[in-house]
Amino acid sequence: MKVLIVGANGQIGKQLVKLINESSDHTARAMIRKAEQAEEFEKMGVETAVSSLEGTVEKLAEAAKGCDAIIFTAGSGGHTGYDKTLLIDLDGAVKTIEAAEQAGINRFVMVSAIQANNRDKWSDAIKPYFVAKHYADRMLENSGLNYTIVRPGGLTNDPGTGKIKVDKNLERGFIPREDVAKTIYAVLDKENTYKRSFDLVSGEEDVETAVENI
């Protein structure tokens, strides 16, 4: 598959691009916000598309044209206000879903947040973030796309262990970004993950085994 990575310049996005680029099964197209971000990817031999999640659905569909799948791993980041959370994590995600439909792309992997599906578990400190993730996920579930929603716990920059735990409903935990990227890569073409969503934290199972048992 040719895969558009939305949020390719982010920490998980960069690791995903590398994984896909090094694989023999898939090829990556990195979606970036600024043309000056292209150099790093072009050095790797990775195709880029410049487009903004605050732009139009049509522009996003153009960036995705010719791809077979989209991975949405973009986020407004902790340093921005909740206005950007609304524009990127919610509206940007929904526009990307609409762009996938417009471009005829059926496979869509969404990076969400642990317990985003469960209002009772939302942290008051970042509740607007959970609201954005919750409703973006619901829009994806209500679309006609072949989706997988990955809801990781607290993200760390520790080296990945390749060991994870996945379930519909997990207590809060942590996971290295590297292992999130590996899990996303693993679900990409696994039909047993289609139309499914799950929480993800560090655990005891190998990534491939955990994904096969979803």
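No experiment lies behind these values; they were computed from the predicted model shown.
F108 and I5 sit in two unconnected hydrophobic clusters of ILVMFWY residues. Membership requires side-chain heavy atoms under 4.5 Å apart, directly or through other members. Residues I214 and V180 are members of one and the same hydrophobic cluster, defined by side-chain heavy-atom contacts under 4.5 angstrom among Ile, Leu, Val, Met, Phe, Trp and Tyr. Cluster membership for V46 and F72, using ILVMFWY side-chain heavy atoms within less than 4.5 angstrom, is not shared. With hydrophobic clusters built from ILVMFWY side chains whose heavy atoms lie under 4.5 angstrom apart, V17 does not share a cluster with L4. Criterion: ILVMFWY side-chain heavy atoms under 4.5 Å apart, direct or through other members. Under it, V111 and I88 are not part of a common hydrophobic cluster.
Heavy atoms of other residues, nucleotides or ligands lying less than 6.0 angstrom from CD of E39 number 12 at most. At most 12 heavy atoms of other shown residues, nucleotides or ligands fall within 6.0 angstrom of atom NZ in K168. Other residues, nucleotides and ligands contribute at most 12 non-hydrogen atoms within 6.0 Å of the CZ atom of F174.
Under the 4.5 Å side-chain criterion, counting only non-hydrogen atoms from C-beta, M110 is in contact with D137. Side chains of L53 and M31 form a contact here, defined as non-hydrogen atoms less than 4.5 Å apart. No side-chain heavy atom of V50 sits less than 4.5 Å from a side-chain heavy atom of R33. Side-chain contact between V109 and Y147 is absent, with no heavy atoms from C-beta onward closer than 4.5 Å.
Atoms CG and NZ, from D124 and K127 in turn, are 4.5 Å apart once rounded to the nearest 0.5 Å. Note: T183 OG1 to L188 CG = 12.5 Å, rounded to the nearest 0.5 Å. In this structure, CD1 in I105 is found 11.0 Å from CE in M1, a value given to the nearest 0.5 Å. The structure places OG of S112 at 8.5 Å from CZ of F130, a figure rounded to the nearest 0.5 Å. With values rounded to the nearest 0.5 angstrom, I149 atom CD1 is found 10.0 Å from F198 atom CZ. Taken from CZ in R177 to OG1 in T73, the straight-line distance is 9.5 Å, to the nearest 0.5 Å.
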Given side chain to side chain contact (heavy atoms under 4.5 Å, CB included), test I12 with L155 step by step and report yes or no.
-> CA-CA 10 Å; I12 293 173; L155 301 172; 4.0 Å; yes
**Request:** Please test I71 against V6 for side chain to side chain contact (heavy atoms under 4.5 Å, CB included), starting from the C-alpha separation and ending with a verdict.
**Result:** CA-CA 6 Å; I71 298 171; V6 180; over 6 Å; no
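Taking all atoms of both residues into account, the shortest heavy-atom contact from I70 to A100 is CD1-CB, 3.7 Å. Heavy atoms only, all atoms of each residue included: S197 and E141 are closest at OG-OE2, 4.0 Å. Minimum heavy-atom separation, A61 to A103: O-CB, 4.0 Å. Across all non-hydrogen atoms, the minimal contact from A186 to V207 is CB-CG1, 3.8 Å. For the pair A181 and L16, the tightest heavy-atom approach, listed with the atom from each and the gap, is O-CD2, 3.5 Å. Between A8 and F41, the closest heavy-atom pair is O-CZ, 3.4 Å.
The side-chain hydrogen bond (donor to acceptor under 3.5 Å, both in side chains) analysis of residues 44-72, with sequence neighbours excluded, yields the pairs K2-E47, R29-E47, E54-K84.
Between the side chain of K133 and the backbone N or O of Y129, no donor-acceptor pair lies under 3.5 Å. A donor-acceptor pair is defined here as one N or O able to donate and one able to accept, closer than 3.5 Å; no such pair exists between the side chain of N21 and the backbone of T27. In terms of modelled atom types and a separation under 3.5 Å, the side chain of T96 and the main chain of G92 share a donor-acceptor contact. Judged by distance alone, the side chain of D89 and the main-chain N or O of A132 form no donor-acceptor pair under 3.5 Å.
Under the 4.0 Å criterion applied to side-chain N and carboxylate O atoms, D91 and K95 are assigned as salt-bridge partners. K18 and E178 are not joined by a salt bridge, as no carboxylate oxygen comes within less than 4.0 angstrom of a charged side-chain nitrogen.
Classification of the H134-W122 ring pair by plane angle, with boundaries at 30° and 60°, yields perpendicular.
Side-chain atoms of S123 and R172 include no donor-acceptor pair closer than 3.5 Å. Side-chain contact, Q115 with D120: no donor N or O sits under 3.5 Å from an acceptor N or O.
When each of T156, I164, I175, D158 is checked for a side-chain contact (heavy atoms from CB on, under 4.5 Å) with S202, only I175 meets the rule. Looking at K195, R196, R107 one by one, the single match for side-chain hydrogen bond (donor to acceptor under 3.5 Å, both in side chains) with T148 turns out to be R107.
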